[in-house]
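Convention: sequence-line order gives letters A, B, ...; per-chain numbering from 1. This one's a predicted model, so the numbers in the text were calculated from it and none came from an experiment.
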Amino acid sequence: MSEEQIKNLEVQFEARIARDEKIEPKDWMPEKYRKTHIRQMSQHAHSEIVGMLPEGNWITRAPSLRRKVALLAKVQDEAGHGLYLYSACETLGISRDELYDQLHSGKAKYSSIFNYPTVTWADMGAVGWLVDGAAIINQVPLCNTSYGPYARAMVRVCKEESFHQRQGYEIMMKLANGAPEQKELAQDALNRWWWPSLMMLGPTDAESIHTEQSMKWKLKRKSNDDLRQQFIDQTVPQAELIGLTIPDPDLKWNEERQSYDFGEINWDEFWQVVKGHGPMNKERMKARVGAWEEGEWVRDAAMAHAEKKQARKQKQAI
Amino acid sequence: MKQNLYNYILGIADNSLILGQRLGELTGHGPSLETDIACTNISLDLFGQVRSYFQYAAKIAGDNRTEDDIAMLRKEREYVNVLLVEQPNRDFAYTMARQFLFDIYHLLFLQKLEKSKDLTLSAIATKSIKEVSYHERFSGDWIKRLGDGTEESKTKMQDAIDGLWTYTDELFHQTEADKAMVAEGIGVDVTKLKETYYKKVNEILEEATLEIPESKWFQKGGKEGVHTEHLGYLLAELQYMQRAYPNMEW
């Protein structure tokens, strides 16, 4: 294809996006669009499956049968999200195995929040309430993103995430209204998860490298800082409602902006975790790579069995 | 309180409780996303059944005890699950072999329990049959895949079947509560399930090109609360929160 033809296709492509048309897997798309989507969607898929680990950590120790069932179902939903998102990603011409390789080799990223440890039961509440809460703020706009398979996957993901967020808040509410020891657990979890949750919405706009292009393709509709403000404004009253204190002495309602002012985020910590030196980065990767390597003989056997079965069928047909 | 009925329910439910807990250990660590989801799903089904049984048991007890008290606040010797279900997840072959050896029994058991004179137990059985039919298909398929897969998978699967075989006979032992409940038309006579069980198990093992173990040495004790050393650790995790933070609601 000549350069001019490509240019022409690009113009038509951008016009389709501007008209809010969905781009489907078989449609022509610029290489950069394809790559950006693989990067973002796989990062999202990886976050779902790495995110199973910190919560999976409490399945065997959940305090009641009801909580255990809810936690199992939640972690299972995350695996399901991983599955749709990997499948959606595969429509862009990359295999799940290649995506796993990128995760295991450290080439692909996942949400840094999952590199923090879940040390008490209250963390199941805090993760649901804050981490899923921040994720929803990031993800709801993606239900209208330009790439069809991603947008459709996100509709389902967001419905389930919103359920998880309510479930997490309900765990926190129960703790906050419980015995003094339980309230302490809740406050401690909020103290530990608040700042990492704010960081989860990404670096400040000045430092975010992908924002402008992503806005054009509707992969992003609001800047990181706007999303963060939205998250804070939404979450502060929820904490107040259950009598918990946000661990930020500078947090203050700003009448003029009709928003909360908040203290400075420790970006050094953010970059430390992003670069692989958070409290649990190595553990998380070890668990994922371990499961994959230990599972190899199982996957090989399933493949070998399927081939044998197919061969027997063909033989019978002759 | 109807002590025999209470004990009888615990005998059924503890199997699901302990197996569900074992499967719950694996969430997030499966050999593929699909098997991970399936094992978590089976765990969920089992815990759902446990809740129905223990809620019923709590009602029969008629005091203040709850489903969680029954699940999480008994002593080691008071759990009456079979030894099979408490065996650890040594590898995926063991996990699937344990599941398979239990599922075949579980489905046969529930099909009889559905005919119980006790309407609550019968209703729980009806609901569980749907779930356990899927479990049985899932684990049976994996026995075939791993048995008739690669050399490596065949060796691992055979090891797992050989290692767990010794725990199968206990499934068909009768406790005092069993006998009393069978006499009242409430319980299932498990001794009568044995022949069909081994027939079904052997058929699948043969299809999986695996050897049927010949050992006639069997372990027992779980139904009387005498367990393998593995159970204590499982209970330590299961009970952790209830022990560390007693008398609280979650």
Side-chain angles (χ1 to χ4, degrees), chain A residues 45 48-69 71-73 75-80 82-83 86 96 100 120-121 171 174-175 177-179 181-182 185 287-288 290-309, chain B residues 17 20-37 39-41 43-44 47-48 50-51 54-55 66-68 70-72 91-93 96 141-142 144-154 156-157 208 234 236-242 244-245 247-250:
Chain A
E48 297 283 356
I49 61 160
V50 176
M52 292 169 72
L53 299 169
E55 292 183 280
N57 183 39
W58 277 88
I59 287 175
T60 59
R61 291 175 294 167
S64 68
L65 292 173
R66 182 170 85 91
R67 293 293 182 201
K68 195 189 285 282
V69 167
L71 186 59
L72 275 163
V75 181
Q76 190 192 28
D77 282 349
E78 282 156 9
L83 204 55
Y86 282 127
R96 213 202 293 180
Y100 279 151
T120 73
W121 167 253
I171 291 177
K174 192 86 184 171
L175 293 172
N177 294 326
E181 243 177 313
Q182 287 173 301
L185 281 177
R288 281 314 321 160
W292 185 245
E293 286 176 352
E294 277 166 36
E296 191 178 358
W297 70 270
V298 176
R299 298 188 303 274
D300 288 349
M303 193 66 87
H305 179 77
E307 280 164 11
K308 282 185 192 175
K309 231 172 141 178
Chain B
L17 174 72
Q21 178 79 359
R22 277 286 181 238
L23 291 169
E25 293 170 11
L26 293 171
T27 301
H29 305 277
S32 70
L33 213 39
E34 288 80 355
T35 47
D36 208 307
I37 291 173
C39 288
T40 305
N41 199 44
S43 176
L44 258 175
F47 278 114
V50 167
R51 294 194 67 194
F54 285 165
Q55 282 166 10
T66 65
E67 58 177 58
D68 293 324
I70 302 175
M72 298 176 179
D91 63 17
F92 191 69
M96 282 304 106
D141 282 349
W142 274 105
K144 293 177 214 163
R145 271 188 211 115
L146 298 180
D148 189 21
T150 61
E151 275 307 305
E152 187 186 6
S153 71
K154 190 191 190 78
K156 283 188 185 308
M157 197 34 132
L234 180 148
E237 284 189 29
L238 176 71
Q239 300 191 344
Y240 167 69
M241 288 296 290
Q242 290 280 341
Y245 302 89
N247 304 317
M248 295 180 196
E249 277 182 38
W250 302 95

Any idea which heavy atoms bring [X] and [Y] closest together, and the distance?
X	Y	result
Ala304(A)	Thr150(B)	CB-CG2, 3.8 Å
Lys308(A)	Asp148(B)	NZ-OD1, 3.0 Å
Met72(B)	Pro63(A)	SD-O, 3.4 Å

Heavy-atom pair count under 4.5 Å with chain A, highest-scoring of [options]:
options	answer
Gly48(B), Gly149(B), Ala244(B), Ala236(B)	Gly149(B)
Glu67(B), Lys154(B), Gln242(B)	Glu67(B)
Met241(B), Glu151(B), Gln239(B)	Met241(B)

Which answer fits [X], side chain, backbone, both or neither, if we ask what part of it has an atom under 4.5 Å from a heavy atom of chain A?
X	value
Ala93(B)	both
Asp36(B)	side chain
Leu17(B)	side chain
Asn41(B)	both

Is any side-chain heavy atom of [Y] closer than 4.5 Å to one of [X]?
X	Y	value
Leu44(B)	Val69(A)	yes
His29(B)	Met52(A)	no
Asp68(B)	Arg66(A)	no
Arg61(A)	Leu238(B)	no
Tyr240(B)	Trp58(A)	yes
Gln182(A)	Tyr245(B)	no
Glu294(A)	Asp91(B)	no
Trp142(B)	Val298(A)	yes

Aromatic Trp297(A) / basic Lys156(B) pairing, under 6.0 angstrom, 45° off normal: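 Geometry flag: set, cation within 6.0 Å and 45°.
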How far does [atom1] of [X] sit from [atom2] of [Y], to the nearest 0.5 angstrom?
X	Y	atom1	atom2	result
Glu296(A)	Ser32(B)	CD	OG	13.0 Å
Arg51(B)	Ser64(A)	CZ	OG	7.0 Å
Thr27(B)	Asn57(A)	OG1	CG	12.0 Å

Which of Ala291(A), Ala73(A), Ala301(A), Gly56(A) touches chain B most, by non-hydrogen pairs under 4.5 Å: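 It is Ala301(A).
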Largest heavy-atom contact set with chain B, pairs under 4.5 Å, which of Ile59(A), Thr60(A), Leu53(A):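 If we count pairs closer than 4.5 Å to chain B, Thr60(A) comes out on top.
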Let me know if [X] has heavy atoms under 4.5 Å from chain B in its side chain, its backbone, both or neither.
X	answer
Ala62(A)	backbone
Leu175(A)	side chain
Leu72(A)	both
Leu83(A)	both
Leu185(A)	side chain

Glu34(B) atom CD, neighbour heavy-atom count above 12 within 6.0 Å: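 Buried by this count: over 12 neighbours within 6.0 Å.
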Distance-only polar pair, side chains of Thr40(B) and Gln76(A), donor-acceptor under 3.5 Å: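 Their side chains do not contain a donor-acceptor pair, so the 3.5 Å distance test is not met.
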Arg299(A) and Glu152(B): CA distance, side-chain angles, deciding distance, salt bridge (charged side-chain N to carboxylate O under 4.0 Å, His left out) verdict: CA-CA 12 Å; Arg299(A) 298 188 303 274; Glu152(B) 187 186 6; over 6 Å; no
